[in-house]
Amino acid sequence: MEKDFINGTFLTLVEQHRIKEAADFCKRVCEEAPSPEFKCIALRNLSELHFFHTGDAVAARQANLDGLAILDANMDLVFHSTHVSEKTMKRIYSDLCEQFRAMAISFDEYEEYAHKARAVRQMNDTERRGLKAVADMRARDIPWKEDMFLRIGDYFQHQAFGQAASILSLILVYNRQLRINADDMNTHSLPGYAGAVFNLVAGHMNASRSKRWIIDENNLSFIIARAQEVVAECGESRTADPAVIESQQRVLADCAGELADRANAPGTPMANPTPGEIDADFPRRMSELTNIKLSMDDGTGSPQSGSQKRQNASQNGTQQQKQPLGCLIIALIINLAGVGFLWYWAYGVGDTIWYKTALAVASSLILFFWLIAIVGMRKQQK
């Protein structure tokens, strides 16, 4: 179990929606890690925590940059580590590049970090398609912010409020670099950000209450506090309407009030490990990490990386496309067989009554199997 301490403890805290504790744990590993490889693992986890669970892409980007700075300064940590397997360190480097690329605020950043990952692995088809799409956007003079807004819409559609809040936080913090106009700021970005943060915190609370856990206000209040800072800083932008900023601050204040009310509701304590157990065991676990060869190659005890999530999503999408295609091919074969039978029966027998009967039956079969194929495609798309 020692080799799973960093990722195992982190994943347990996240699954229990103890978000502040998870962030503090990652920071403590960074401060006390016995080797830089373990610090990079913690920074990778911290980046994913902020992007998916706190809606703070600015902090997530910084964690990525810190991890990559350590590894770029000494690539022997990737290829010749004495504490972590080479395959695991390559994955950590790749994840840091891909996570930063997902939070890029320009064409140049996206392309730079897409190519940067090639230091440890070959470029995959998804990345090639992404670079091609980016090149096409450049050629058509489509601003980078349009891609960000499209992704935000997709995140909202799938109720991925953490990711939506993260990208919106980048739009608000880097509004000048992204050339966010008044309509984008006041109609979409500010209301969208406050709404995403509200839903993100509500999701954490609902998940805890569904298991009858006591909601620790400290584990979630920092998410709201950070959002309030981001919205307040937008007041310095000439495109932000003070009335809109005030209204969105009220939304976040309502969110804080809802958290305070629900945090006082009765329930059962969170599952193990308790904060005291983590603190008591931390020094021993960290010192013992130097005595093992850490490997996450089997995926046990480690959080699913951003690259794995996107790769799995891509594979699932491919499978979903293959299944409806199979339904259509089967339907086409049945259609051809039905038509062939129709022509054989009609011209072989030559009876007008039988001809009409055969026509009706064959047509019904064709319609029936096409309907099955279409329904199958719709279910797979959903």
Side-chain angles (χ1 to χ4, degrees), residues 4-33 37-70 88 91-103 155 159-170 173 193 196-197 199-208 213 215-227 229-230 259 270-271 273 275 278 282 296 299 301-310:
D4 296 331
F5 175 58
I6 296 177
N7 289 308
T9 304
F10 169 77
L11 187 58
T12 298
L13 294 172
V14 172
E15 288 176 343
Q16 295 174 11
H17 301 274
R18 297 158 64 179
I19 307 303
K20 183 64 164 59
E21 292 180 54
D24 290 342
F25 175 77
C26 290
K27 294 174 182 177
R28 184 173 179 183
V29 172
C30 290
E31 294 172 356
E32 303 182 28
E37 296 97 320
F38 299 122
K39 182 175 181 178
C40 291
I41 293 172
L43 287 168
R44 189 281 305 268
N45 292 347
L46 184 61
S47 172
E48 291 201 350
L49 178 76
H50 283 303
F51 183 69
F52 290 99
H53 301 289
T54 77
D56 187 359
V58 176
R61 281 166 57 95
Q62 189 59 55
N64 283 125
L65 291 175
D66 291 345
L68 287 171
I70 293 171
T88 296
R91 198 178 86 190
I92 296 299
Y93 190 92
S94 174
D95 288 347
L96 289 169
C97 292
E98 186 167 348
Q99 287 168 198
F100 193 87
R101 194 182 81 231
M103 297 177 283
Y155 288 142
Q159 298 186 353
F161 299 115
Q163 295 98 304
S166 287
I167 301 302
L168 282 163
S169 72
L170 293 176
V173 172
Y193 178 61
V197 171
N199 282 284
L200 172 63
V201 174
H204 287 307
M205 290 191 292
N206 292 336
S208 296
W213 286 336
I215 298 173
D216 185 351
E217 185 177 356
N218 293 328
N219 266 314
L220 301 176
S221 60
F222 81 104
I223 299 175
I224 304 171
R226 172 56 182 159
E229 291 176 3
V230 171
L259 173 59
M270 290 291 185
I278 295 175
F282 193 92
M296 298 183 294
S302 60
Q304 188 182 33
S305 66
S307 60
Q308 284 178 309
K309 290 172 184 173
R310 284 177 279 276

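The pair Glu31-Arg28 does not meet the salt-bridge criterion, since no charged nitrogen lies less than 4.0 angstrom from a carboxylate oxygen.
By the 4.5 Å heavy-atom criterion applied to side chains, Phe222 and Thr54 are counted as neighbours.
Partners of Ala42 by side-chain contact (heavy atoms from CB on, under 4.5 Å), not counting sequence neighbours, listed by chain and number: Val29, Cys30. Evaluation of the side-chain contact (heavy atoms from CB on, under 4.5 Å) rule for Leu200 yields Phe161, His204, Ile223 as partners, not counting sequence neighbours. Residues satisfying the ring-ring contact (aromatic ring centres under 6.0 Å, His included) test with Phe100, not counting sequence neighbours, are Tyr113. Glu37 is linked by a side-chain hydrogen bond (donor to acceptor under 3.5 Å, both in side chains) to Ser35, Ser81, counting only residues two or more places apart in sequence or in another chain. For Cys97, the side-chain contact (heavy atoms from CB on, under 4.5 Å) test picks out Leu68, Tyr93, Lys116, Ala117, with sequence neighbours left out. Legend: residues meeting side-chain hydrogen bond (donor to acceptor under 3.5 Å, both in side chains) with Asp24, ordered by chain and number and at least two apart, are Lys20. The side-chain contact (heavy atoms from CB on, under 4.5 Å) search around Ala63 returns Leu43, Leu46, Ser47, not counting sequence neighbours. Applying the side-chain hydrogen bond (donor to acceptor under 3.5 Å, both in side chains) rule to Gln159 yields no partners; only residues at least two apart in sequence or on another chain are considered. Glu15 is linked by a salt bridge (charged side-chain N to carboxylate O under 4.0 Å, His left out) to nothing, counting only residues two or more places apart in sequence or in another chain. Residues meeting the side-chain hydrogen bond (donor to acceptor under 3.5 Å, both in side chains) test with Gln62, sequence neighbours left out: Asp66.
None of Arg18, Glu21, Gln16, His17 except one satisfies the side-chain hydrogen bond (donor to acceptor under 3.5 Å, both in side chains) rule with Asn219; the exception is Glu21.
Asn64 CG to Cys40 SG: the interatomic distance, rounded to the nearest 0.5 Å, is 11.0 Å. A distance of 8.0 Å separates OG in Ser221 from CG in Asp216, rounded to the nearest 0.5 Å. Distance check, rounded to the nearest 0.5 Å: CD1 of Ile6 to CG of Leu11 gives 13.5 Å. The structure places CZ of Arg44 at 6.5 Å from CD of Gln99, a figure rounded to the nearest 0.5 Å. The NZ atom of Lys39 sits 12.0 Å away from atom CD of Glu32, with the distance rounded to the nearest 0.5 Å. Taken to the nearest 0.5 Å, the CD1 atom of Ile92 stands 7.0 Å off from the CG atom of Asn45.
In this structure, Arg226 and Val173 approach most closely via the heavy-atom pair NH2-CG2, 4.4 Å. When all heavy atoms of Val197 and Ala165 are compared, the closest pair comes out as CG2-CB, 4.1 Å.
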Would you sort out whether Val14 and Glu48 count as a side chain to side chain contact (heavy atoms under 4.5 Å, CB included), showing the intermediate values? CA-CA 11 Å; Val14 172; Glu48 291 201 350; over 6 Å; no
Begin with the C-alpha distance, continue with both residues' side-chain angles, and end with the deciding distance and a verdict on side chain to side chain contact (heavy atoms under 4.5 Å, CB included) for Leu49 and Phe10. CA-CA 9 Å; Leu49 178 76; Phe10 169 77; 4.0 Å; yes
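Ser169 places a side-chain N or O within 3.5 Å of a backbone atom of Ser166 that can act as its donor or acceptor partner.
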